[in-house]
Amino acid sequence: MSARTQIVRVDPLQPDSESIGIASRVIATGRLVAFPTETVYGLGANAFDPLAVDRIFAAKRRPFSDPLIVHLARAHLLDQVAIDIPPPVWDLAGHFWPGPLTLVLHRAAKVAPNVSAGRHTVAVRVPSHPVAHALLERSGLPIAAPSANLFSRPSPTTASDVIEDLDGRIDMVLDGGSATIGLESTVLDMTHDPPRLLRPGGVSIEALCDLLPDLHTGTAATVSSADVPQQSPGMLLKHYAPRIPMVLLRGDLNSAAPTLHQAVSFLKRRGVFPGLLVTDEEVPLYADLCVEMVALGPGADKEQLARSLFAGVRELERLGVDMILAREVEPIGLGVAINDRLFRAAAGRVLDVADAVSFEQFFSRFDMMMKPGRHPPFADCA
Ligand code: TXA
Ligand code: MG
């Protein structure tokens, strides 16, 4: 654990050689550097050094059973970290690397076993962010890097999100501004034939299906918390979660709006002041409710929604609301990954507007921090 976390600003497009040199020396000496990638910020350590990798788990308070992704500067370095690479991997690498796609392969002996939580497989990706790329090139090492947040918290998309969770627990943060995609890479298990989707992410399923027509997608979509550990230990039901409870509404814009109005009134009567995570179109629909709202972008622009998703969750948390209400988006393109993150951030609490469940019943099922008498945060309704 570090007494002080050094924050170094870098140009996201042309990081200066001096800053990258300092960061790569931190990595080479077995210490931790958080750095921007195109998906989210990663917390990096030398993937060949088990003691350095242990520091990642300690800093994040991450269970040792949850394996890490190894990042490489270029696809041709793959045989440093993986063996028995099946041919489709090279096609995928050619199309999607550098970029937000992670491939689970058979692990090479040099990779520290704790990177893989003792498994015989290793997850690998080549990031496209110039800062991540420069750090990987300069250090000449594969860098193990999970998202740079405390375990189970929303992933960090800025250096200040990293600091919010990890200040004093890591050695250095390269501050290269906001991550451009805003949610994590897609994870595919290539040790199975056909390959399996373990986590939807920055590369859409539609884009993968052109190259992998037999891709098995059911694994990630249908797994419950109980059968996840065998497949992808990171896909826990409660993940990416704010400190306050979150509820996910299932239903289209028109049918969800009346339910959301009633839910907000129900909660306010009980002294619970919710905040809303909405699309731009929804803002006028809920203006009368006088609650905090964070708009993520136009509903049709899934890239924009993805970019602002985790930042929006953290912002509502900072605004001091008691609970977050959000609605699922259309499950196309990045919408699949957005819904996956919303579902896990809500720890599976889904209010389906088609179900005739009473709010009394729904909200009483969860520990919703009903705190009558608490001074409510008011949104500016002027
Ligand atoms: O975009 C990303 O993937 C970011 C950036 C920093 O690259 N990283 C990231 O790492 O999201 P993390 O640790 O938060 O998520 C890694 C996911 C977890 O769900 C983990 O269980 C899975 O990848 N994973 C890693 N190694 C695996 C393996 N050998 N087998 C199956 N799943 C694995
Ligand atoms: Mg993570």
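Every number for a ligand or one of its atoms is a count from 1 in the order of the listing. FYI, the numbering just counts along the sequence from 1.
Taking the side chain as every heavy atom from C-beta outward, Phe343 and Arg349 never approach each other to under 4.5 Å. For the pair Glu38 and Pro100, the minimum side-chain heavy-atom distance is below 4.5 Å.
For ligand 1, the atoms lying closer than 4.0 Å to a non-hydrogen atom of Arg62 are 12 (P), 13 (O), 14 (O). Numbered from 1 in the order shown, with element, the atoms of ligand 1 that lie under 4.0 Å from a heavy atom of Leu198 read 31 (C), 32 (N). Of all atoms in ligand 1, listed by their number and element, those nearer than 4.0 Å to a heavy atom of Ser147 are 8 (N), 9 (C), 10 (O), 12 (P), 14 (O). When each atom of ligand 1 is checked for a heavy atom of His71 under 4.0 Å away, the hits are 5 (C), 6 (C), 7 (O). Interface of Thr121 with ligand 1, defined as ligand atoms under 4.0 Å from a residue heavy atom, comprises 28 (C), 29 (N), 30 (N). Within ligand 1, counting atoms from 1 as listed, the ones closer than 4.0 Å to a heavy atom of Thr39 are 1 (O), 2 (C), 4 (C), 5 (C). Within ligand 1, the atoms closer than 4.0 Å to a non-hydrogen atom of Asp66 are 20 (C), 21 (O), numbered from 1 in the order shown.
Ring geometry for Phe35 against His71 counts as perpendicular: the plane angle is over 60°, on a 0 to 90° scale with 30° as the lower cut.
Taking the six-membered ring for Trp and the full ring otherwise, Tyr286 and His261 have centroids separated by under 6.0 Å.
For the residues Pro156, Ala145, Ser185, the heavy atom positioned nearest atom 8 (N) of ligand 1 is part of Ala145. Considering each of Leu105, Ile69, Leu68, the one bringing a non-hydrogen atom nearest atom 16 (C) of ligand 1 is Ile69.
Ionic pairing of Arg55 and Asp49 is not present here: no N-O contact between side-chain nitrogen and carboxylate oxygen is shorter than 4.0 angstrom.
Residue contacts with ligand 1: Arg199 is placed with a nitrogen or oxygen under 3.5 Å of a nitrogen or oxygen of the ligand (distance criterion only).
Contact analysis leaves Arg107 out of contact with ligand 1, as no non-hydrogen atom separation drops below 4.0 angstrom.
Put simply, Ser155 stays out of reach of the Mg ion (ligand 2), with no N, O or S atom under 2.8 Å from it.
Cation-pi contact between Arg270 and Phe266: present, with separation from the ring centre below 6.0 Å and deviation from the ring axis of at most 45°. A cation-pi arrangement is absent between Arg62 and Phe151, since the terminal nitrogen or guanidinium carbon is not both under 6.0 Å from the aromatic centre and inside a 45° cone about the axis.
Side chain of Lys110 to main chain of Gln80: no donor-acceptor pair is present (N/O by atom type, distance under 3.5 Å, no hydrogens or angles).
Side-chain contact of Arg138 with Ser17: a donor-acceptor pair under 3.5 Å is present, judged by distance alone.
With a 4.0 Å heavy-atom cut-off, ligand 1 is reached by the side chain of Val104 but not by its N, CA, C or O. In Glu38, neither the side chain nor the backbone holds a heavy atom less than 4.0 Å from any atom of ligand 1.
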